[in-house]
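Inspection log for the structure reproduced underneath, given as structure tokens.
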Amino acid sequence: MVVRPKQRDLRPAFPAAELEKYRGKWVAFSADGSRIVASGQTEIDVDAHAQALGLKPADYVLEAIPAEDTLWL
Amino acid sequence: MGFRFPFISVPTARPVVSLGGRHDRPRALIPLVVANAANLVWRRFRGVLDTGADDTVFHQDTSRLLGIDLSYAPAGQAEGTTGATVPVRYAEVLLQLRSVDGDIVEWRATVAFALKKSSNPILGFAGFLQFFDATF
């Protein structure tokens, strides 16, 4: 049997140009991942910002945006 | 019960040589909930599934967000593939996954909190993959 590798072609989940603005920062994505509702240097900053906007923990997802195009090991 | 998560396409500023010049890197980033097992304060993150990681690791800032006191927590050391070591502290949390169909699974896990470069949680064997049969 020959197993052929599968090419995974994915569409970016978020516009690349928009994401560029947040390199090296933490962001809070909206629950559906369609927009960034807060950003900051640390997850604590972003969380405080999101809460100050009246958002609840269920309303956002915290994520770090890598500063550089480095590969992860 | 099963969970399926697609690789997330993360845009890159420069072409990725190892992927034929495409402008994104697919990454196994999955949404999860982490909660303080004592006070149930919780937050949602996207963590990186990492079959090569021994432990599940959060940044120490996450312990502050959740109100977890690590002062007297068991200590250890973590080493990455670059050889750099970082101190870690262990604490019990609740982890939760939700599927798009509304299925929820929640479990108690002992995870590490590391004072490292701030990055997304690493979902390794202890605390995470130990509870699942994972296929990619």
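Order of the sequence lines fixes the chain letters, A, B, ..., with proteins taken first and strands second; residue numbering starts at 1 for each chain. Just so it is clear, the structure is predicted and the values come from calculations on it, not from any experiment.
At a 4.5 Å heavy-atom cutoff, the contact between B:Thr62 and chain A is made by backbone and side-chain atoms alike. Looking at A:Ala17, there are no atoms closer than 4.5 Å to chain B (heavy atoms on both sides), in backbone or side chain. Of the two parts of A:Ala58, the backbone and the side chain both hold a non-hydrogen atom closer than 4.5 Å to a non-hydrogen atom of chain B.
B:Arg27 approaches A:Pro66 most closely through the heavy-atom pair NH1-CG, 4.0 Å. The two residues A:Glu20 and B:Ala13 have their closest heavy-atom pair at OE2-CB, 3.6 Å. Here the shortest heavy-atom pairing between B:Phe45 and A:Val61 reads C-CG1, 3.5 Å. Heavy-atom minimum distance, B:Pro11 versus A:Leu19: CD-CD2, 3.6 Å.
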Going by atom type alone, with no hydrogens or angles, which donor-acceptor pairs under 3.5 Å involve a side-chain atom of residues 47-56 of chain A and a protein atom two or more places apart or on another chain?
| residue | atom | partner | partner atom | Å |
| --- | --- | --- | --- | --- |
| A:Asp47 | OD1 | A:Tyr60 | OH | 2.6 |
| A:Asp47 | OD1 | B:Arg43 | NE | 2.5 |
| A:Asp47 | OD2 | B:Arg43 | NE | 3.2 |
| A:Asp47 | OD2 | B:Arg43 | NH2 | 3.1 |
| A:Gln51 | NE2 | A:Tyr60 | OH | 2.9 |

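Linking Ile, Leu, Val, Met, Phe, Trp and Tyr whenever their side-chain heavy atoms come within less than 4.5 Å puts B:Phe125 and B:Trp107 in one cluster. Placement of B:Leu70 and B:Leu115 in two distinct hydrophobic clusters is found when ILVMFWY residues are connected by side-chain heavy-atom separations under 4.5 Å, directly or transitively. Residues B:Val88 and B:Leu123 fall into different hydrophobic clusters, defined by Ile, Leu, Val, Met, Phe, Trp and Tyr side chains chained together at heavy-atom separations under 4.5 Å. With hydrophobic clusters built from ILVMFWY side chains whose heavy atoms lie under 4.5 angstrom apart, B:Val111 shares a cluster with B:Phe128. Both A:Leu62 and B:Val93 belong to a common hydrophobic cluster when Ile, Leu, Val, Met, Phe, Trp and Tyr are linked at side-chain heavy-atom distances under 4.5 angstrom.
Between the CD atom in A:Glu43 and the CG atom in B:Asn120 there is a gap of 9.0 Å [rounded to 0.5 Å]. Once rounded to the nearest 0.5 Å, the distance linking CZ of B:Arg44 with CD of A:Glu63 reads 12.0 Å.
Proximity of a side-chain donor or acceptor of B:Asp61 to a complementary backbone N or O of A:Ile44 within less than 3.5 Å is not detected.
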